[in-house]
There are 2 protein chains.
Amino acid sequence: MPDSATLRPGETTVELPPAADAQLRFIGRIRTPFKTRADCPRQGSADGPECRVEIDPILEPALDGIERTDRIELLYWLDRSRRDLLTQSPRGSGELRGTFSLRSPQRPNPIGTSVVTLLRREGPVLVVRGLDCLDGTPLIDLKPARCDQAERRREAAHQG
Amino acid sequence: MPDSATLRPGETTVELPPAADAQLRFIGRIRTPFKTRADCPRQGSADGPECRVEIDPILEPALDGIERTDRIELLYWLDRSRRDLLTQSPRGSGELRGTFSLRSPQRPNPIGTSVVTLLRREGPVLVVRGLDCLDGTPLIDLKPARCDQAERRREAAHQG
């Protein structure tokens with residue numbers, strides 16, 4: 001069992017039916033210098049280390065045009081999380097909070113989201129800054145960050 | 001088959017093995033006034049209509065403390081999307097782009113993300129503004145939006 005299997009005082013869980021409503025296929029893997037949870041920063045930072053987002057080579061054509069944006073939203077699967085916590089005590093603070101009022105990795109569907117800066121592309125690999133997840137984290141999705149889109153639209157309106 | 005089953009000229013697909021790397025459990029459902037794709041705005045707007053985010057009542061305790069934030073990130077399953085598009089032509093523009101360089105709902109793992117404004121909570125229901133998805137869209141996750149967290153940290157530092 002992962003180290004997350006231990007409950008902190010007061011934390012509550014719920015018994016849920018098996019997760020079987022939809023299925024994911026991992027599209028790649030994230031490489032970071034963070035080998036353990038203790039290594040991970042609390043939140044990715046613009047001046048954090050370079051990380052590599054490795055896309056399954058079969059999906060490389062789906063990256064066409066990604067260089068047009070420098071802010072990319074990543075979705076990834078926090079595969080070492082427990083999924084049954086209703087309330088939790090962030091970093092053992094003693095304070096109890098509902099799971100959905102926190103960005104904790106422990107949640108019914110343990111999906112992390114980050115907005116990162118694209119430094120460069122090397123074939124099916126994106127080199128980025130701004131991640132806080134463990135090395136080897138499975139990738140689910142990537143797309144231009146929202147605000148970037150708004151900027152592009154403003155730009156388009158300006159040029160039109 | 002959904003209306004999304006038709007390919008536009010030049011669009012390319014890939015044959016993928018079944019999606020079986022991880023399983024999702026829907027945690028609720030999103031109610032919007034948008035009954036068809038044509039009704040959906042291109043992007044949610046701060047002055048858009050009120051929408052209801054209905055959480056499975058068994059998970060209601062996980063909402064504790066959600067009122068502390070007014071900007072919430074929602075993740076939802078775009079269940080009418082095809083998942084095999086490598087390149088696509090946004091709104092039939094003729095221009096071809098890689099799927100990952102677009103926020104299109106058609107993607108290998110069709111997960112949409114939005115940041116919405118929380119207007120009020122009614123038990124297991126959150127009333128929000130800023131959505132653009134179809135009525136009945138399955139909900140996967142909700143959490144405080146990232147920038148809000150940064151704001152809270154600055155606040156905490158200020159008070160500390």
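Computation of the quantities below employed the complete heavy-atom set of this structure, encompassing side-chain atoms and omitting hydrogens, waters and symmetry-equivalent molecules. Chain letters run A, B, ... following the sequence lines, proteins first and then strands; every chain starts at 1.
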By a 4.5 Å heavy-atom criterion (distance strictly below it), what part of [X] contacts chain A: side chain, backbone, both, or neither?
{"X": "B/Ala22", "answer": "both"}
{"X": "B/Leu75", "answer": "side chain"}
{"X": "B/Pro110", "answer": "neither"}
{"X": "B/Leu96", "answer": "neither"}
{"X": "B/Glu73", "answer": "side chain"}
{"X": "B/Thr113", "answer": "both"}

Cluster check [X], [Y]: I/L/V/M/F/W/Y, side chain < 4.5 angstrom:
{"X": "B/Leu78", "Y": "B/Val116", "value": "yes"}
{"X": "B/Leu74", "Y": "A/Leu74", "value": "no"}
{"X": "B/Val115", "Y": "B/Leu142", "value": "no"}
{"X": "B/Tyr76", "Y": "B/Val53", "value": "yes"}
{"X": "B/Leu16", "Y": "A/Leu139", "value": "yes"}

Worksheet entry | Taking every non-hydrogen atom, the tightest pair across B/Gly65 and A/Ser101 |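 Distance-wise, the nearest heavy atoms are C-CB, 3.6 Å.
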
Nearest 0.5 Å, what's the [atom1]-[atom2] distance between [X] and [Y]?
{"X": "A/Leu24", "Y": "B/Gln23", "atom1": "CG", "atom2": "CD", "value": "7.5 Å"}
{"X": "B/Ile66", "Y": "A/Leu102", "atom1": "CD1", "atom2": "CG", "value": "9.0 Å"}
{"X": "B/Asn109", "Y": "A/Asp141", "atom1": "CG", "atom2": "CG", "value": "6.5 Å"}

Fill in: Beyond-backbone contact of B/Ile140 with A/Asp21, side-chain heavy atoms, under 4.5 angstrom
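Answer no - side chains too far apart.
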
Discussion item. Do A/Pro108 and B/Arg25 make a side-chain contact, defined as non-hydrogen atoms from C-beta onward lying under 4.5 Å apart?
Written reply: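 A side-chain contact is absent here, since even the closest heavy-atom pair is not under 4.5 Å.
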
Fill in: Under 3.5 Å: donor-acceptor pair, side chain of A/Arg103, backbone of B/Lys143
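No, the answer is negative, given that no donor and acceptor are paired below the 3.5 Å cut-off.
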
Fill in: B/Pro61: which of A/Leu86, A/Thr99, A/Val14, A/Thr12 passes side chain to side chain contact (heavy atoms under 4.5 Å, CB included)
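Among the candidates, only A/Leu86 passes.
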
Fill in: side chain to side chain contact (heavy atoms under 4.5 Å, CB included) evaluation trace for B/Phe100 with A/Leu59
CA-CA 9 Å; B/Phe100 297 137; A/Leu59 296 172; 4.2 Å; yes

